[in-house]
Amino acid sequence: QAQGDLQSLEREGRELLAEGKKAHEECTAGLHKLERELCASKTLKREVQVIEKKAGGTTDNVDCEVSDWEEGECYQTEYALALEKSGFQKRVQPGLQEPLHQCGEEGGIQFFRRTPVGQ
């Protein structure tokens, strides 16, 4: 009986690891796609600026209007650092020298964010 329970737990563990690996791969692929789209957008923006400058126009185009800095969620430190390493989040604490903002009872990292406002 104990041997069967152990084998069942091992099988469940392998399945969970496989699901986690698949989710990680899908997430990574999504991030890479977003990075390519961002790069293409930046390239297009630079090209528009060059055309505007040649035409005698202004190159002071504003991407969008954003809100004031807002506190985001408090993440467990290891998870927050993984988000930062992947480029998904960046640590910013407005008005302070130290970008790391400790939060939570057991310590963590809190990200600040700005959101687009109505157009």
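Side chains included, hydrogens not; waters and symmetry mates left out as well; all remaining heavy atoms used. Keep in mind it's a predicted model, so treat the numbers as computed, not measured.
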Just by modelled atom types, is the H24 backbone N or O under 3.5 Å from a matching donor or acceptor in the T28 side chain?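 Answer holds: yes.
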What I'd like to find out is whether the side chain of V50 reaches to under 4.5 Å of the side chain of K53, using heavy atoms alone.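 Result no, sub-4.5 Å side-chain heavy-atom pair not found.
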How long is the gap from [atom1] on [X] to [atom2] on [Y], to the nearest 0.5 Å?
X   : Y   : atom1 : atom2 : answer
Q76 : L81 : CD    : CG    : 8.5 Å
S41 : L34 : OG    : CG    : 10.5 Å
R14 : L9  : CZ    : CG    : 10.5 Å

When you look at CD of E12, are more than 12 heavy atoms from neighbouring residues, nucleotides or ligands closer to it than 6.0 Å?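 12 or below, so no.
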Flag yes if more than 12 heavy atoms outside E37 fall under 6.0 Å of its CD atom; otherwise flag no. yes
Could you tell me which non-hydrogen atom of C74 sits nearest to which non-hydrogen atom of G108, and how far apart they are? SG-CA, 4.3 Å
Quick one, L17 with K21, criterion side-chain contact (heavy atoms from CB on, under 4.5 Å). Give me CA distance, side-chain angles, the key distance, then yes/no. CA-CA 6 Å; L17 285 172; K21 183 179 179 182; over 6 Å; no
For side-chain contact (heavy atoms from CB on, under 4.5 Å), just list the numbers for K42 and K45, CA-CA rounded to whole Å, side-chain angles, deciding distance to a tenth of an Å, and then say yes or no. CA-CA 5 Å; K42 287 179 179 179; K45 178 181 175 182; 5.5 Å; no
